[in-house]
Amino acid sequence: MSANAAIEVSGLSKQYGAKTAVDGINLTVERGEIFALLGPNGAGKTTTVEILEGYRKASSGDVSVLGFDPATKGNAAQRWRNQIGIVLQSTSDAADLSVFETISHYANYYENPRNVEQVIDEVGLREKLNAKARELSGGQRRRLDVALGIIGSPELLFLDEPTTGFDPEARRSFWELIRTLKAEGTTILLTTHYLDEAQALADRVGVINNGKIIEIATPQTLGGRNHAPAKVTWLENGVTNEIHTKDPTAEVLKLSQRFNGQIPELEVLRPNLEEIYLKMIGELR
Ligand SMILES: Nc1ncnc2c1ncn2[C@@H]1O[C@H](COP(=O)(O)OP(=O)(O)OP(=O)(O)O)[C@@H](O)[C@H]1O
């Protein structure tokens with residue numbers, strides 16, 4: 001085990017009857033890293049994450065989370081649980097408590113909780129402080145889930161599709177919160193279907209399909225993205241021209257000479273993470 005790893009997984013598999021949901025995964029998440037697990041519906045993300053959280057039992061393989069086997073029970077497991085924060089994919093049943101009461105109640109479970117008032121501001125629930133949890137909208141409920149995930153000052157935070165149901169503004173402020181947590185040294189394992197979210201937050205992404213890891217890379221280099229041809233477009237004689245080139249700088253220089261300066265409506269585009277990801281997944285089907 002690497003001294004700096006927060007999560008180490010080797011040969012992890014999970015069978016549900018005849019169905020192999022996770023098929024021999026190897027994965028290391030370094031301390032302080034934000035790692036995003038991407039993959040289509042049913043790829044095995046939640047199963048993997050819930051094994052790491054200790055909620056499901058692996059069929060085979062070795063798993064170490066903060067130096068601990070999540071399948072272990074007893075007092076040691078309780079201490080370990082104090083060091084991790086979890087935002088599950090499905091929200092738990094909303095109680096009759098207010099937002100403030102719910103977060104305060106959870107804060108009591110931890111040795112070193114974050115400041116309740118600060119967390120309420122960080123997740124943007126100040127206006128709903130006294131609202132009952134069951135009266136919140138879907139997106140507000142999700143924010144409360146995030147608040148409960150971070151209230152214990154976790155060393156390691158699991159976020160399973162955390163921003164589903166968030167409006168664009170709430171998503172941006174959530175990203176800011178995640179960056180703050182990272183700056184404080186929190187390790188984060190995130191699953192998301194939003195490729196822009198992975199691009200904005202993740203140090204590395206892992207693509208999983210049919211229970212297998214296809215590639216682990218930075219968002220900038222996944223699927224050879226950094227070497228993919230760029231698309232150069234410009235307007236000429238009322239028509240939009242388009243070329244694909246590995247050397248857009250040379251093309252732009254040539255065009256600039258031809259136009260003697262300004263190139264009308266020039267755009268240079270490289271494939272974004274979503275395009276690369278969809279291509280990877282598409283080629284596998
Ligand atoms: N408790 C279960 N019993 C039987 N099969 C299951 C169970 N949980 C998951 N599966 C199956 O295992 C596979 C992986 O499911 P999992 O929930 O891990 O996928 P996922 O990548 O998280 O998908 P999504 O993006 O839809 O959340 C799927 O084919 C699913 O139907």
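Just follow the structure's listing: the first ligand is 1, and inside any ligand the first atom is 1.
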Next on the checklist: Could you tell me, atom by atom, which parts of ligand 1 come under 4.0 Å of a heavy atom of Arg56?
Outcome noted: 8 (N), 9 (C)
Checklist entry - Quick one: does Glu161 get a heavy atom under 4.0 Å from ligand 1? => result yes
Checklist entry - Can you name the side-chain contact (heavy atoms from CB on, under 4.5 Å) partners of Glu53, sequence neighbours left out? => result Val49, Glu50, Tyr55, Ile86, Leu88, Phe158
Checklist outcome for this item: For residues 108-126, the salt bridge (charged side-chain N to carboxylate O under 4.0 Å, His left out) pairs (sequence neighbours left out) are Arg114-Glu122, Arg114-Glu184, Glu117-Arg126, Asp121-Arg126
Checklist entry - Does Arg172 come within less than 4.0 Å of Glu169, counting only side-chain N to carboxylate O? => result no
Checklist entry - Which heavy atom of the protein is the closest neighbour of atom 26 (O) of ligand 1, given with residue, atom name and distance? => result Asn41 ND2, 2.9 Å
Checklist entry - Numbering the atoms of ligand 1 from 1, which are under 4.0 Å from a heavy atom of Thr47? => result 15 (O), 16 (P), 18 (O)
Item to check | Atom indices of ligand 1 within 4.0 angstrom of Ala21 heavy atoms, with elements | outcome: 12 (O), 13 (C), 14 (C)
Checklist entry - Quick one: do the Gln15 and Thr20 side chains pair a donor with an acceptor below 3.5 Å? => result yes
Checklist entry - In terms of atom number and element, which parts of ligand 1 are under 4.0 angstrom from non-hydrogen atoms of Ala43? => result 19 (O), 20 (P), 21 (O)
Item to check | Heavy atoms from other residues, nucleotides or ligands near CG of Asn75 exceed 12 (cutoff 6.0 Å) | outcome: no
Checklist entry - Quick check: are there more than 12 heavy atoms from other residues, nucleotides or ligands sitting under 6.0 Å from OH of Tyr109? => result no
Checklist outcome for this item: Looking only at protein heavy atoms, what sits closest to atom 17 (O) of ligand 1 is Thr46 CB, 3.7 Å
Next on the checklist: Could you identify the single nearest non-hydrogen protein atom to atom 3 (N) of ligand 1 and state the distance to 0.1 Å?
Outcome noted: Tyr16 CD2, 3.5 Å
Next on the checklist: Protein heavy atoms near atom 31 (O) of ligand 1, is at least one of them under 4.0 angstrom away?
Outcome noted: no
Checklist entry - Can a non-hydrogen atom of Glu50 be found less than 4.0 Å from any atom of ligand 1? => result no
Checklist entry - So does Lys128 have more than 12 non-hydrogen atoms from other groups sitting under 6.0 Å from NZ? => result no
Item to check | atom 25 (O) of ligand 1: nearest protein contact (heavy atom, Å) | outcome: Lys45 NZ, 2.7 Å
Item to check | Non-hydrogen atom of Gly17 closer than 4.0 Å to ligand 1 | outcome: no
Checklist entry - What is the closest protein heavy atom to atom 27 (O) of ligand 1, and at what distance does it sit? => result Gln89 NE2, 3.1 Å
Checklist entry - Is Gln220 atom CD crowded by more than 12 heavy atoms from other residues, nucleotides or ligands, each under 6.0 Å away? => result yes
Checklist entry - Can you tell me if Lys212 uses its side chain to pair, donor with acceptor, with the backbone of Gly24 under 3.5 Å? => result no
Checklist entry - Quick one: which of Ala18, Gly42, Gly211 has a heavy atom closest to atom 14 (C) of ligand 1? => result Gly42
Checklist entry - Are Glu30 and Arg204 ion-paired here, with the side-chain N under 4.0 Å from a carboxylate O? => result no
Checklist outcome for this item: Note: ligand 1 atoms sitting under 4.0 Å from heavy atoms of His193 are 25 (O)
Checklist entry - Can you tell me the protein heavy atom closest to atom 29 (O) of ligand 1 and the distance? => result Lys19 CE, 3.2 Å
